[in-house]
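When reading the values below, keep in mind they use all heavy atoms of this one structure, side chains included, and skip hydrogens, waters and symmetry mates. Naming convention: chains lettered A, B, ... in sequence-line order (proteins, then strands); numbering from 1 in each chain.
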Number of protein chains: 2
Amino acid sequence: MSTCGSSANNECSGPRKAGRPSDVTKRQGIIDMAARHFFEHGYAATAIEQIAADAGVSKVTIYNQFGDKRALFAAAVACECEKLRGHFSLDAMPQGTIRERLTAIGEAICAFLSRPEMIQFDRRIAAETETEPAIGEVFLDAGPRRMKHGFAAYLRYCAETGELVLDDPELAAEQFVSLCKGMDDLERRFGAAVTPENFERRIAGAVDVFLAAYGVACHR
Amino acid sequence: MSTCGSSANNECSGPRKAGRPSDVTKRQGIIDMAARHFFEHGYAATAIEQIAADAGVSKVTIYNQFGDKRALFAAAVACECEKLRGHFSLDAMPQGTIRERLTAIGEAICAFLSRPEMIQFDRRIAAETETEPAIGEVFLDAGPRRMKHGFAAYLRYCAETGELVLDDPELAAEQFVSLCKGMDDLERRFGAAVTPENFERRIAGAVDVFLAAYGVACHR
DNA sequence: GACAAAGTGAACGGCTCCGTTCAATTAAAC
DNA sequence: GTTTAATTGAACGGAGCCGTTCACTTTGTC
């Protein structure tokens, strides 16, 4: 479904190697299925043979293409992070008052972060980061930091248009996102059920506090 | 070193069983070593034989006392959560202006949460919560929720003395803690190094924002 | 001292799974 | 058609580890 594996496949300069070329769709199928298993059941609890079976592929093919279980896991993580990159665009900015826009943004961010797949992905990456610090780094760059910088740029823009009064957009971005998340992502990481009624109140509270600190009304 | 295992050991009513009594210090040693291994290397990566060896105990003794690997893990989690309970007291409240007090509290909370053992414990519990939801629940009650309620009570007290203006202490408590943490606990969960310079700025920023929203100055 | 239960050490069965090897098959490039 | 390389199925070696059994020792209580 995704096209993550195309990053290192462009061998344009090399002469076309003779013989049967490796099946790209198979490779992608393996990565997709590996991601599914790794992020659902954890690294240790996932058997390569199972991935192979579910991807309709021989186990040997996996070892030929990736060489190692860890390498396959790394590929799956990289692919998933690549998908993440597409999720932070500033194109479709909501309209309305600054309060309405912040509310919409807060809702979007929370909805994005509280998807069950996201929670599980978070858990897995965190657990594996210990044995493979590079994995955590890749995720941080593809996800949280990217989101933070994008949002900070928007806040800076708002400051330039005079809708907000702030001198440290990065800090303000962190603060707003943290306010929106509250302790809810924590609760969810530890299995608590989602509480939609708290959701609204939390976002509204976040916007209130944020505007109290950075809104123009307070600084007149 | 800790005395967590004493919760279910009070068999006061039963007649003293004949024969050799089970060694409580051994039991505690097993739990301590189990916690060490489980939280450092993960559940799956921990071998019971290793725990037994490091605790100076036979593997059979572990199976006699706990019956199961999962049960041993659960005992270790329960013990660690018990330790957590002692860490949230409102006794030694700092003095000074409300700003100084909030700053001190924020620093204490962040210092407590960013201890490496805490980060690892967090990761492990989150990962195992999936297969054993009860574990996550136990942790939430012993840690985050407890801290939140305790701090909310303090905020309510501050509101009663007129130092703060707020009508939802629980929400405000969440907001303050979230502001203090920022995205730093996230970064640390994914292996990023600690940045002491950001630490100060983040706490100061949190107090600024919080007081802008809930301080008496803004509501006069 | 007799008894009963707890602890020990060693060995074992059984299971899962990683990673490899090998001969056979398939599919593209030339 | 020939060549080259990818893919496959099956089987294997080896490792790690869970949980059990058993005979034996230790350490308390009665």
Distance, rounded to the nearest Å, where A:D68 contributes CG and C:dC18 contributes C1': 9 Å
N or O in side chain of A:T61 less than 4.0 angstrom from D:dT8 OP1/OP2: yes
Scan A:D23 against the nucleic acid and name what it touches under 4.0 Å (heavy atoms): base, sugar-phosphate only, or nothing. sugar-phosphate
Map B:K59 and B:P21 onto DNA chain C by nearest heavy atom, then report which one ends up closer to the 5' terminus. B:P21
Could you tell me whether B:D184 and B:R202 have a side-chain N and a carboxylate O separated by less than 4.0 Å? yes
Which nucleotide sits closest to the side chain of B:V60: D:dG19, D:dA10, C:dG9? C:dG9
C:dG9 P sits how many Å from B:N64 CG, rounded? 14 Å
Does the distance from a Lys or Arg side-chain N to an Asp or Glu carboxylate O, for B:E137 and B:R145, drop under 4.0 Å? yes
B:I48 vs A:V57, nearer the 5' end of DNA chain D by closest nucleotide: A:V57
Gap between atoms NZ and C1', on B:K69 and C:dT16 respectively (whole Å): 13 Å
Hits for side chain to side chain contact (heavy atoms under 4.5 Å, CB included) against A:A74, two or more places apart or cross-chain, chain-then-number order -> none
Between A:F121 and A:F139, is the gap from one ring center to the other below 6.0 Å? yes
Whole-Å gap separating P (D:dC18) and NE2 (B:H37): 12 Å
Under 4.0 Å, heavy atoms only, any strand: does B:K26 hit a base, just the sugar-phosphate, or nothing? sugar-phosphate
Kindly point out which of C:dT20, C:dA6, D:dG19 is positioned nearest to the side chain of A:Y63? C:dT20
Any A:Q50 side-chain N or O less than 4.0 Å from OP1/OP2 of C:dC17: no
Taking CD from A:Q65 and P from D:dA6, how many angstroms apart are they, rounded to a whole number? 9 Å
What I want to find out is whether A:R189 reaches B:D122 closely enough, with some N-O distance under 4.0 Å, to be called a salt bridge. yes
Over how many whole Å does the gap from B:R20 atom CZ to D:dG28 atom P extend? 7 Å
B:R70 CZ to D:dC18 P, straight-line distance once rounded to whole Å: 12 Å
If you pin A:A45 and A:G67 to their nearest nucleotides in DNA chain C, which one's is more 5'? A:A45
B:E49 CD to C:dA11 P, in whole Å, measures 13 Å
When all nucleic acid strands are considered with a 4.0 Å heavy-atom cut-off, which category describes B:G56: base, sugar-phosphate, or nothing? sugar-phosphate
